[in-house]
Amino acid sequence: MKIYNTLLASRKLEDVAPLDGRTVRIYTCGPTVYDHAHIGNLSSFIFADTLRRAVALSGHHVQHVMNYTDVDDKTIRRSRMEFPDDTPEEALKLLTDRYIGLFNNDLERIGNELTPITFVRATDAKTIWGMKDLITKLHEKGFAYIADDGVYFSIEAYKKSGKTYGQLLAVNAENTSEARIQNDEYDKESVHDFALWKKQKPGEPAWEFTLGGQDLTGRPGWHIECSVMSRQELGQPFDIHTGGIDLTFPHHENEIAQSTALEDDPVMARIFAHNEHILIDGKKMSKSLKNFYTLEDIISHGFDPLAFRLKILQSHYRSQVNFTWESLEAAQNLLNNLRAWADQKHQKAAYNKEASAPYADGFRAMLAAAGDDLDTPKALHSLTDLANKGEASGVEPEKFQALLNLIDRLFGLQLGNRPDITHAQKDLIAEREQARTAQEWQKSDDIRDKLKQQGVAVRDTANGPVWYRA
RNA sequence: GGCGCCUUGGCGGAGUGGUUACGCAGAGGUCUGCAAAACCUUUUACACCGGUUCAAUUCCGGUAGGCGCCUCCA
């Protein structure tokens, strides 16, 4: 299994071999839970989910951790608006609980597995303690300084210790944007310094914190969360850190700085893997352009959440996908065709001609593609190849079910758990066959119509009738 | 201002120095009682201009257009 490493020192494909020789440890930057996730967010988690599936199928044990950012400017602002009568702490909890629930529900609907993942909240007591502890140590060693509005990380001190700030993106004066310099309104010593801890402002939730004899009661900065949660759950260095391409800088860069300032080893994670953004009609999704969609939008347009998953898997995670409704429709049609193929597992009478030898090879090809920097488009090609051969080469129900299970483990398209039709429907199909044999065309067509109303279509083949869900 | 990417047939999306994926959609056909599905065929694509080469969509240079990151962001 190989995956592309975004670290500047690498920028190439690397083998995914567990650092500890046993378990591949993966950390995924999760959502900030202040609103519904949009489909761009979701695509990122489809990537992380598929990566874990591919690593596991390549034969490794996997430990996968994902966080919820449940305290930041947006969550606080929104919680105060929606729950003005509660304390800031309670309001924040109410709001983030709600959106964590909705987020998990979205993940399940797009076919992500939740059970293999350890979810951690930034506001978990353990996390809060860990953040205070790390900030305190950074401060003791001179990597953090106290300003009027909070505690900041000193990039200068980090550099002086001989480490590189700029492991993911070359950082220098030339490529610092105007906007960033203009927005540099905080009480920092240098533009790139970032907040480790923010002192409480009126109406904000806060946690007690004393540093250098000062009362700094307030809340953690964004980057420190991931440094602490990843280490608490996975240790350091761990194997793969994933996230959207936009998190490369500054978020992951800052994580690295925090996580390695006190260590001899400057490596936080061996591999950083980033997924590209999806575009809407060729443009980046943004609230200002009002071109973002949620899973609810997809469903209300009549599409299956798994069609969205398929759409995402149809392009490579490191290339931008252009999302259009037309392309989603194509994915939905393909999904329907794959489901019709999968439904043949219930119909051995029609398909029991030959052995399923090509199936083993077919799945091997999918796995090989997935192991090559998660080349899901290629893997899907192998899948459609197999599906197209299905009818010609015959289906042995038990082997077919086993194959579908493997395919599901890789793609999460849920092709293997599709139920059979009812006995009553099977009786109707048999009845129609009798009518056809007797050349009672009107009766046979009536039965076909009736079945169709129940969502079951029938086609007649040389081997007898075959149904599929229309 | 700095860095990087992209431009393929109706749509999406791979890939390759010469044999031209795949999916979706359209057309015709085989098959069928009719359908459907499947199968076959089909609409012969690689932004533009130069260059290298026996040969370029594929390599090099330039032009045009588009996109992303450098700031909260998946």
Side-chain angles (χ1 to χ4, degrees), chain A residues 11 28-32 37-48 69 72-74 166 168-184 191-192 194 222 242-251 253 274-279 282-288 292 310-311 314-338 340-341 344 350 369 375-378 380-385 387-392 435-437 439-442 444-445 448-449 452 457-462 465-468 470:
Chain A
R11 289 283 161 116
T28 295
C29 276
T32 302
H38 59 60
I39 60 175
N41 300 133
L42 296 178
S43 76
S44 217
F45 301 117
I46 290 173
F47 159 63
T69 296
D72 81 321
D73 289 342
K74 290 190 286 270
L168 286 162
L169 173 82
V171 181
N172 53 49
E174 285 82 56
N175 68 12
T176 299
S177 71
E178 296 278 326
R180 176 153 190 172
I181 293 165
Q182 282 165 13
N183 288 344
D184 186 23
V191 186
H192 288 292
F194 53 90
W222 177 34
T242 83
I245 186 85
D246 54 295
L247 297 184
T248 307
F249 189 90
H251 184 51
E253 190 69 51
H274 295 108
N275 62 286
E276 256 296 352
H277 284 156
I278 70 176
L279 305 175
K283 301 276 185 199
K284 183 181 175 178
M285 245 189 287
S286 76
K287 303 229 162 174
S288 56
F292 67 95
L310 184 55
K311 160 75 187 155
Q314 276 180 311
S315 57
H316 190 87
Y317 76 92
R318 285 196 286 123
S319 63
Q320 294 173 331
V321 200
N322 191 22
F323 178 90
T324 62
W325 292 109
E326 196 177 7
S327 69
L328 186 59
E329 189 176 352
Q332 178 74 63
N333 288 337
L334 175 58
L335 180 63
N336 292 346
N337 291 345
L338 289 173
W341 170 65
Q344 290 178 20
D375 192 346
T376 52
K378 196 172 182 181
L380 281 172
H381 178 194
S382 296
L383 173 57
T384 54
D385 242 18
N388 289 337
K389 273 188 210 145
E391 200 156 332
R436 287 187 69 232
T437 307
Q439 300 198 346
E440 296 171 35
W441 309 128
Q442 186 58 48
S444 99
D445 287 354
R448 187 165 63 193
D449 288 345
K452 185 137 198 172
V458 181
R459 59 195 169 87
D460 301 312
T461 76
V466 173
W467 61 262
Y468 60 100

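Only heavy atoms go into these numbers, but all of them, side chains included; no hydrogens, no water, no symmetry mates. The sequence lines fix the lettering, A, B, ..., with proteins before strands; numbering per chain opens at 1.
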Does the side chain of [X] get closer than 4.0 angstrom to OP1 or OP2 of [N] through an N or O atom?
X: Thr248(A); N: C73(B); value: no
X: Trp341(A); N: A37(B); value: no
X: Asn337(A); N: G23(B); value: no
X: Asn333(A); N: C24(B); value: no

Any base atoms under 4.0 Å from [X], or only sugar-phosphate, or nothing? Heavy atoms, all strands.
X: Asp460(A); result: base
X: Gly40(A); result: base
X: Tyr468(A); result: sugar-phosphate
X: Gln439(A); result: nothing
X: Lys378(A); result: nothing

Among [options], which is the nearest nucleotide to the side chain of [X]?
X: Asp445(A); options: G33(B), C72(B), C24(B); result: G33(B)
X: Leu169(A); options: G13(B), C70(B), G68(B); result: C70(B)
X: Arg448(A); options: A74(B), C34(B), G68(B); result: C34(B)
X: Pro250(A); options: A74(B), U71(B), G12(B); result: U71(B)
X: Ser319(A); options: A74(B), A14(B), C34(B); result: A14(B)
X: Thr384(A); options: G33(B), G23(B), U71(B); result: G23(B)
X: Ser315(A); options: A74(B), A21(B), A14(B); result: A14(B)

Given atom [atom1] of [X] and atom [atom2] of [N], what is their separation to the nearest angstrom?
X: Leu310(A); N: G12(B); atom1: CG; atom2: P; result: 16 Å
X: Lys311(A); N: G23(B); atom1: NZ; atom2: P; result: 16 Å
X: Asp73(A); N: U71(B); atom1: CG; atom2: P; result: 17 Å
X: Gln320(A); N: U7(B); atom1: CD; atom2: C1'; result: 12 Å
X: Ile245(A); N: C3(B); atom1: CD1; atom2: P; result: 18 Å
X: Lys74(A); N: C73(B); atom1: NZ; atom2: C1'; result: 6 Å
X: Phe249(A); N: C73(B); atom1: CZ; atom2: P; result: 12 Å
X: Arg459(A); N: A37(B); atom1: CZ; atom2: P; result: 9 Å

If the plane angle is over 60° it's perpendicular, under 30° parallel, otherwise tilted; pick one for His192(A) and Phe249(A).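 Rings of His192(A) and Phe249(A): perpendicular, as their planes differ by over 60°.
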
Do you see a donor-acceptor pair shorter than 3.5 Å between the side chains of Asn333(A) and Glu329(A)?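 Not at all, the side chains of Asn333(A) and Glu329(A) share no donor-acceptor pair under 3.5 Å.
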
With RNA chain B as reference, determine whether Val458(A) or Asp375(A) sits nearer its 5' end, using the nearest nucleotide of each.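 Here Asp375(A) is the residue nearer the 5' end.
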
Contact nearer the 5' end of RNA chain B, comparing Ile278(A) with Leu380(A): Leu380(A)

Can you check whether Gly166(A)'s main-chain N or O pairs, donor with acceptor, with Glu253(A)'s side chain at less than 3.5 Å? yes

Verify, without hydrogens or angle tests, whether Thr384(A) (side chain) and Leu380(A) (backbone) share a donor-acceptor contact under 3.5 angstrom.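 Yes.
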
Hunt down the Watson-Crick or G-U wobble partner of C59(B), both distances under 3.5 Å, from any strand shown, or write none. G51(B)

